[in-house]
S.K.: 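There's a structure below that I have some questions on.
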Amino acid sequence: MSDDPMTHPATIVIAGGGLAAAKGAEALRDEGYEGRIVLAGRERHLPYERPPLSKEYLQGGSERDKIFVHDEAWYRDHDVDLRLGTEVTAVDASGHQVTLSDGDRIGYDRLLLATGSTPRRLPVPGADGDNVHYLRTVDDSDRLRDTFAASGRVVVVGAGWIGLETAAAARTAGAQVTIVETQPAPLSAVLGPPVSDVFTALHREHGVDFAFNTRTSEITASGVVLDDGTRLDADTVVVGVGAAPDVGLAESAGLDVDDGITVDADLRTSDPDVFAVGDIANAYHPLLGRHVRVEHWANALNQPAVAARGMLGKPASYDNLPYFFTDQYDLGMEYLGLPDPAHTTEVIIRGDLGAREFIAFWLQYGLITAAMNVNVWDVTDHTQHLIQARTAIDHAALADPAVPLADLLPR
């Protein structure tokens, strides 16, 4: 058996403390790796999943223990050197060494970067005020949950997924909510009409007000000032205007960075001994034929298994379709694929849009690029196969709920 550290690394360091980092350690052990694993994360909490922070956990419907990927005993039982509250601050790629925030230096044979993303800050006066909240960590979610319970008025800046889920949690807690959005509808850049209009109607039915086509120009102790001079009273302001990949380590290490860390299909960076997963990975997707960076839970969950195989010298390629889900009030949704709204030629609705029980398909040049099922379940296997087939589908049959989706799949 070869002693080549390429296939038998003695030490693997994982930089990051979230879902992707924990799943990386798990995958390495599942692949039979018996060497040293050091996992260093900024937060003092055990690695946890982030979707509940804007969904059931934020609404008080889930206990904290349920968000953790593994309990403390798992790391001990699997011989993972867990360094909580101690992040990787520097990478010496040529010397195969990392420096931790406590001054410790650790040599590595392989390095897995799983540093995630950070909320984009609103570049306006008052954005750092005591009444302004961002949602990224479990501590952020705890503060917001307590705040919503005591707040009478909440303004949410941004009508993306985080903004909408946060607004739903605030309304469920009894707060008055207004969402400020620069676009003419929520999620318009991602979904476009008519699907984005579904979310407008959903939130309005639950008492949420919208201020579309406008920007926040200032945040004060009493609320938000819009660019047209309108003042929205608020006790609490939540900013959800996207996230930026945390690529500082990669940049300092001289890795290729372009809207995240550029990686191959096996999640290997421009340095053959460094891999990247999760929010930071701008990965080449074999099916789509281009690099894609997706800030979704499914990537953090599934990419580490591919990276683990790659780090151990095994064949590896990540070709999962981007996947996302949301729960808002009585609406549950799953979303697969990656449409390009600028080039989408048609949106086909299968089901009842008004009743919010439907599947939406986005087509580009006659091919399905994405599908979203709303309050319709157990269809993602079929929609995934339809997207992966890369063949033209009869539009009338696709729109007809009486035609089984399985019958539309290529034979």
Side-chain angles (χ1 to χ4, degrees), residues 12-27 37-55 57-58 67-70 80 82-91 98 100-101 111-121 133-142 160-162 165-166 239-253 255 257-263 267 269 274-283 291-308 318 320 322-325:
I12 294 177
V13 173
I14 301 175
L19 172 63
K23 297 304 281 189
E26 178 184 326
I37 299 176
V38 180
L39 191 160
R42 177 184 301 127
E43 295 186 60
R44 296 189 179 278
H45 305 292
L46 291 171
Y48 56 86
E49 301 198 40
R50 297 190 188 276
L53 304 186
S54 60
K55 299 180 176 72
Y57 183 79
L58 181 59
I67 71 173
F68 296 120
V69 185
H70 301 297
V80 175
L82 187 60
R83 310 283 187 96
L84 298 178
T86 310
E87 63 183 315
V88 175
T89 56
V91 175
V98 299
L100 305 185
S101 55
L111 172 63
L112 179 62
L113 297 176
T115 49
S117 57
T118 58
R120 296 187 187 277
R121 302 287 161 168
H133 296 260
Y134 295 82
L135 180 53
R136 178 63 184 172
T137 69
V138 65
D139 293 331
D140 294 336
S141 190
D142 285 340
W161 297 115
I162 292 294
E165 290 174 356
T166 303
V239 178
V241 292
D246 188 350
V247 297
L249 287 177
E251 290 176 331
S252 65
L255 304 180
V257 173
D258 181 13
D259 183 30
I261 303 172
T262 305
V263 296
L267 305 171
T269 72
V274 182
F275 291 70
V277 292
D279 290 0
I280 57 174
N282 188 0
H291 280 79
V292 175
R293 188 179 71 83
V294 180
E295 297 168 0
H296 290 171
W297 161 85
N299 273 12
L301 179 71
N302 298 314
Q303 283 184 342
V306 174
Y318 188 76
N320 291 23
Y323 171 86
F324 179 75
F325 72 97

S.K.: Any idea which heavy atoms bring P52 and I67 closest together, and the distance?
M.R.: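 In terms of heavy atoms, the two residues are closest at CB-CG2, 4.1 Å.
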
S.K.: With the side chain counted from C-beta on, respond yes when S101 and T86 share a heavy-atom pair under 4.5 Å apart, and no when they do not.
M.R.: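 Sidechains of T86 and S101: in contact.
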
S.K.: What do the steps show when you test V138 against Y48 for side-chain contact (heavy atoms from CB on, under 4.5 Å), and what is the final call?
M.R.: CA-CA 8 Å; V138 65; Y48 56 86; 3.9 Å; yes

S.K.: Could you tell me whether the side chain of H296 and the main chain of P322 form a donor-acceptor pair under 3.5 Å?
M.R.: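 Looks like no, no N/O pair under 3.5 Å.
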
S.K.: Please check: side-chain N/O of R120 versus main-chain N/O of V241, any donor-acceptor pairing under 3.5 Å?
M.R.: no

S.K.: Treating E165 as the side-chain partner and K55 as the backbone partner, does any N or O pair qualify as donor plus acceptor under 3.5 Å?
M.R.: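 Checked: no pair found.
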
S.K.: Can you find a pair of side-chain heavy atoms, one from D279 and one from T115, that are under 4.5 Å apart?
M.R.: no

S.K.: Would you find a donor on one side and an acceptor on the other, under 3.5 Å apart, between the side chain of N282 and the backbone of V292?
M.R.: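 Yes, N282 side chain to V292 backbone: donor-acceptor pair under 3.5 Å.
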
S.K.: Specify whether W161 and F324 have parallel, tilted or perpendicular ring planes, treating 30° as the upper limit for parallel and 60° as the lower limit for perpendicular.
M.R.: tilted

S.K.: Would a 4.5 Å heavy-atom cut-off, applied to side chains only, mark I14 and I37 as touching?
M.R.: yes

S.K.: Rounded to the nearest 0.5 Å, what separation is found between the CD1 atom of I280 and the OG1 atom of T118?
M.R.: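 One finds 11.5 Å between CD1 of I280 and OG1 of T118.
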
S.K.: If I compare all heavy atoms of Q303 with all of A281, which pair ends up nearest, and what's the gap?
M.R.: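 Heavy atoms only, the tightest pair is OE1-CB, 3.9 Å.
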
S.K.: Could you tell me whether a side-chain N or O of D142 sits under 3.5 Å from a main-chain N or O of D139, the two making a donor and an acceptor?
M.R.: no

S.K.: Does L301 reach the side chain of L19, with side-chain heavy atoms less than 4.5 Å apart?
M.R.: yes

S.K.: Between V263 and Y318, is any pair of side-chain heavy atoms under 4.5 Å apart?
M.R.: no

S.K.: Using every non-hydrogen atom in the two residues, find where A27 and A308 come nearest and quote the distance to one decimal.
M.R.: CB-CB, 3.6 Å

S.K.: Which pair of heavy atoms, one from L39 and one from G16, lies closest together, and at what distance?
M.R.: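 Heavy-atom minimum between the residues: CD2-O, 3.2 Å.
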
S.K.: Are any non-hydrogen side-chain atoms of T262 and V257 less than 4.5 angstrom apart?
M.R.: no

S.K.: Measure the CG-CD1 distance between L112 and I12 for me, rounded to the nearest 0.5 Å.
M.R.: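 Rounded to the nearest 0.5 Å, the CG-CD1 separation comes to 8.5 Å.
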
S.K.: Under the salt bridge (Lys or Arg N to Asp or Glu O under 4.0 Å) definition, can you give me all pairs with a residue in residues 292-303, not counting sequence neighbours?
M.R.: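 The answer is D259-R293, R293-E295.
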
S.K.: Can E43 and R83 be said to form a salt bridge (charged side-chain N to carboxylate O under 4.0 Å, His left out), step by step?
M.R.: CA-CA 9 Å; E43 295 186 60; R83 310 283 187 96; over 6 Å; no

S.K.: Does either side chain, that of Y323 or that of N302, offer a donor lying less than 3.5 Å from an acceptor on the other one?
M.R.: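 The answer is no; no qualifying pair exists.
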
S.K.: Is the shortest distance from a Lys or Arg side-chain nitrogen in D246 or R42 to a carboxylate oxygen in the other one below 4.0 Å?
M.R.: yes

S.K.: Take L46 and V69 through the test side-chain contact (heavy atoms from CB on, under 4.5 Å) and record every step on the way to the result.
M.R.: CA-CA 8 Å; L46 291 171; V69 185; over 6 Å; no

S.K.: Report the distance from atom OG1 of T269 to atom CG of L111, rounding to the nearest 0.5 Å.
M.R.: 8.0 Å

S.K.: Check whether any side-chain N or O of R136 sits under 3.5 Å from a backbone N or O of S117 as a donor-acceptor pair, and report yes or no.
M.R.: yes

S.K.: Taking the side chain as C-beta and beyond, is there a heavy-atom pair between L58 and L53 under 4.5 Å?
M.R.: no

S.K.: Side-chain contact test, heavy atoms from C-beta onward, threshold under 4.5 Å: evaluate it for F68 versus E49 and give yes or no.
M.R.: no

